[in-house]
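Notes for the one structure printed next.
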Amino acid sequence: MSEPNPYPAVPFGDWDGSPAAARAMQQTLASQVRLQDDFPPLRLIAGVDVGFEEGGSITRAAAVLLDADTLELVGSSLARIPTNMPYIPGLLSFRELPAVLQALAELPAVPDLIFSDGHGIAHPRRLGIAAHLGVVTGLPTIGVAKKLLTGEHDELDLMRGAQVELRDKKTGEMIGYVLRSKDKVRPLIISPGNRVSIATAPELVKRYLTRYRLPEPTRLADRLASRREEKAAARRMAGNA
DNA sequence: GCGACAG
DNA sequence: ATCTTGTCGC
């Protein structure tokens, strides 16, 4: 029995490669984002993140699949493809999504929810990488970013669990939450990508937090994508040699 | 024109 | 993101 493949080969149809065309495409895709809670009882959740090799010429995406109740690692995958464009603030998904989709397609099952590194709708045109990923796959997604891209918010308490609203600086519309995931650490910026409401997004992130700053799906994907242990091991070898 | 700017 | 050692604080 095979599951339908929700992962398109290319997350942007015919794109001429220009930043202007990418921004126009974001406007269209953003209108397809659904911000109502519409996800099944969570059984399998995924985390995705991207890293680079060879000075940036190779894009490396990691995807991890976890049991939503026990957080046990059910599967993981790595995809390495040539990097096709430089990093441009606001156009991150056009650079990283191809590799992310390939990594997701290699997981043993389709997740009920995906935690993505980067923003969801907390983006200038409301289409951060998590929202873009959600629209092209049709799956529920949440963006977990380590830094602010756009929007403004009040100060928030230093204790774990503290959170404040993130709103568009110009229109005042809600676009996410700023959440302190651990005592006295830089807060995370949480915004829905697709099929999750703004209010539910931080609740789901909190559900999967353990002792670290990042929720477990994101933390594990981050480790794989950035080659945490490989680098640490290589470094110690050089030092002890 | 100036400042900001996910990964 | 990535390059990189030791160091300050909980």
Side-chain angles (χ1 to χ4, degrees), chain A residues 11 19 22-23 26 29-30 47-63 78-101 103 114-134 141-153 157-160 166-170 175-193 201 205 211-215 218-219 221-240:
Chain A
R23 295 190 182 93
Q26 292 181 321
L29 291 169
V48 296
D49 190 25
V50 174
F52 296 88
E53 303 175 11
E54 305 301 313
S57 61
I58 298 296
T59 298
R60 172 191 177 112
L78 278 177
R80 301 169 73 257
I81 65 176
T83 300
N84 28 49
M85 70 173 274
Y87 165 66
I88 299 175
L91 300 184
L92 182 68
S93 62
F94 287 77
R95 171 176 161 89
E96 304 189 342
L97 225 39
V100 167
L101 290 170
I114 302 172
F115 288 83
S116 169
D117 204 46
H119 296 101
I121 62 169
H123 174 281
R125 288 167 296 284
R126 304 294 174 268
L127 196 83
I129 188 169
H132 194 157
L133 173 63
T141 61
I142 292 176
V144 179
K146 306 179 198 64
K147 295 177 181 176
L148 193 63
L149 171 61
T150 188
E152 61 181 2
H153 64 83
D157 298 323
L158 293 172
M159 53 172 268
R160 171 192 164 115
L166 177 64
R167 327 190 72 105
D168 182 292
K169 190 170 186 177
K170 181 144 190 170
I175 54 177
Y177 278 97
V178 179
L179 169 70
R180 189 86 65 184
S181 55
K182 186 174 190 281
D183 286 359
K184 308 169 100 175
V185 299
R186 285 177 296 116
L188 297 177
I189 315 302
I190 310 300
S191 63
V205 168
R211 59 145 72 186
Y212 307 96
R213 182 164 85 112
L214 298 174
T218 303
R219 190 179 74 85
D222 193 63
R223 287 181 37 159
L224 271 185
S226 299
R227 301 191 296 179
R228 288 279 189 288
E229 49 242 33
E230 275 112 289
K231 287 183 177 177
R235 153 157 286 207
R236 288 176 314 195
M237 286 301 267
N240 296 320

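Model, not experiment: these values are computed from the prediction. Reminder, nothing fancy here: chain letters follow the sequence lines and each chain counts from 1.
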In this structure, how many angstroms lie between the [atom2] atom of [N] and the [atom1] atom of [X], rounded?
X        : N      : atom1 : atom2 : result
A/Phe94  : B/dG7  : CZ    : P     : 18 Å
A/Arg213 : C/dC10 : CZ    : P     : 18 Å
A/Asp222 : C/dT2  : CG    : C1'   : 13 Å
A/Met85  : B/dA6  : CE    : P     : 14 Å
A/Ile189 : B/dA6  : CD1   : P     : 11 Å
A/Arg125 : B/dA6  : CZ    : P     : 13 Å
A/Leu158 : C/dC10 : CG    : P     : 12 Å
A/His119 : C/dA1  : NE2   : P     : 13 Å

Which nucleotide, C/dT2, B/dG7, B/dA6, lies nearest any side-chain atom of A/Pro89?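 In terms of side-chain proximity for A/Pro89, the closest of C/dT2, B/dG7, B/dA6 is B/dA6.
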
Please indicate whether A/Lys146 has more than 12 foreign heavy atoms, meaning atoms of other residues, nucleotides or ligands, lying under 6.0 Å from its NZ.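 Count over threshold, so yes.
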
Taking any heavy-atom pair under 4.0 Å as a contact, classify [X]: base, sugar-phosphate, or nothing.
X        : answer
A/Gly143 : nothing
A/Leu91  : base
A/Gly128 : base
A/Ile88  : nothing

Would you write the dot-bracket representation of DNA chain C, where each base gets (, ), [, ], | or . depending on whether it forms a Watson-Crick or G-U pair under 3.5 Å and with which partner? ..........

Under the criteria of a ring-centre distance below 5.5 Å and an interplanar angle below 30°, is A/Tyr87 stacked with the base of C/dA1?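 So A/Tyr87 does not count as stacking on the base.
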
Please examine the side chains of A/Pro215 and A/Leu188, heavy atoms only from C-beta on, and report whether any two atoms are closer than 4.5 Å.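 Yes, close enough: below the 4.5 Å cut-off.
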
In Å, rounded to the nearest 0.5 Å, how long is the span from CD1 of A/Ile129 to CG of A/Leu92?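 Between A/Ile129 CD1 and A/Leu92 CG, I get 4.5 Å after rounding to 0.5 Å.
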
Would you call A/Asp168-A/Arg126 a salt bridge at under 4.0 Å N-O?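 Yes, charged N to carboxylate O under 4.0 Å.
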
Would you call A/Asp49 and A/Arg223 a salt bridge, using N to O less than 4.0 angstrom?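 No.
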
Comparing A/Arg227 and A/Lys184 on DNA chain C - which has the more 5′ nearest nucleotide: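 On the 5' side of the pair lies A/Arg227.
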
Report yes or no: do A/Thr59 and A/Thr83 form a side-chain donor-acceptor pair below 3.5 Å?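 Note: A/Thr59 and A/Thr83 side chains meet the donor-acceptor criterion.
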
Among A/His119, A/His123, A/His132, which one satisfies side-chain hydrogen bond (donor to acceptor under 3.5 Å, both in side chains) with A/Ser93?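 Single pass found, and it is A/His132.
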
Return no unless some side-chain N or O of A/Thr150 is found under 4.0 Å from OP1 or OP2 of B/dC5.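 For B/dC5, OP1/OP2 do not have a side-chain N/O of A/Thr150 under 4.0 Å.
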
Please state whether the phosphate of C/dA1, meaning OP1 or OP2, lies under 4.0 angstrom from any side-chain nitrogen or oxygen of A/Lys146.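 Checking C/dA1 against A/Lys146, a side-chain N or O does come within under 4.0 Å of OP1 or OP2.
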
